[in-house]
Number of protein chains: 2
Amino acid sequence: MKNKLKVLRAERDWTQAQLADALEVSRQTINAIEKGKFDPSLPLAFKAARLFKLSIEEIFQDEE
Amino acid sequence: MKNKLKVLRAERDWTQAQLADALEVSRQTINAIEKGKFDPSLPLAFKAARLFKLSIEEIFQDEE
DNA sequence: ACTAAAAGTTAAGTGTGCTTTACATCTCTA
DNA sequence: TAGAGATGTAAAGCACACTTAACTTTTAGT
């Protein structure tokens, strides 16, 4: 599962910690998701979509 | 997390077991998701979206 | 009413999403 | 070059996504 969190953060000049705060998860969780260590839960994906005003599919891309 | 799996199944006249097969999960998993016992993982949500040719948001609705 | 298939439910087990704590590395600027 | 903020990484632990197996209840056809 790929994702655009790092780019979306960069566009807004946010740190991992700031994004973590906005999504109410730990900084390590954001780091791990950005680095592809694991996939977010569906509720967390929805939260990110709401935050960035994008669809889940625009933020996260299934690699088959 | 609400979802339209039961309706989408009904439209196609599929059983829970058939949908489970198509999504490569157990029948109990489909039942539990339909009954709202837990949320699917993001990869499983993507798989369902591909299967039904719908967006994740069209199948699963976050209730806040 | 019988039967069979479908749906519902429960219990015990495995893997992973996410946590806290802690420490290491990188980058920038004073 | 020292220090601060940002990022990366690791370990231990908890909650939940998902499994298999087994059983009960509902639904529909004959």
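Quick caveat: nothing in here was measured; it's all calculated off a predicted structure. A, B, ... follow the sequence lines: proteins, then strands. Residue 1 opens every chain.
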Nearest-0.5 Å distance that lies between atom CD in Q18(A) and atom CG in D13(A): 8.0 Å
Begin from the C-alpha positions of L19(B) and V25(B) and carry the test side-chain contact (heavy atoms from CB on, under 4.5 Å) through to its verdict. CA-CA 9 Å; L19(B) 177 54; V25(B) 292; over 6 Å; no
Within the 4.5 Å heavy-atom criterion, are D39(A) and P43(B) side-chain neighbours or not? yes
Working to the nearest 0.5 Å, report the span between CG of L23(B) and CZ of R50(B). 9.5 Å
Check: I56(B) and L42(B) side chains under 4.5 Å, non-hydrogen atoms: yes
Figure out the CG/P separation between N31(B) and dG8(C), and round it to whole Å. 5 Å
Does a side-chain N-to-carboxylate-O contact under 4.0 Å join K2(A) and D62(A)? no
List the residues meeting side chain to side chain contact (heavy atoms under 4.5 Å, CB included) with A17(B), not counting sequence neighbours, and say none if there are none. T15(B), R27(B)
Between P of dC28(C) and CG of D13(A), the distance in whole Å: 13 Å
Rounded to whole Å, the CD-C1' distance (Q16(B) to dT9(C)) equals 11 Å
What one-letter contact string describes nucleotides 14-19 of chain C from 5' to 3', where B marks a base within less than 4.0 Å of any protein heavy atom, S marks contact via sugar-phosphate atoms alone, and - marks no contact? ---SBB
Chain B reaches DNA chain D, atoms under 4.0 Å from its heavy atoms, from dA17(D) to dA22(D)
Between E34(A) and the options Q16(A), K4(A), K6(A), the side chain to side chain donor-acceptor pair (under 3.5 Å) test singles out Q16(A)
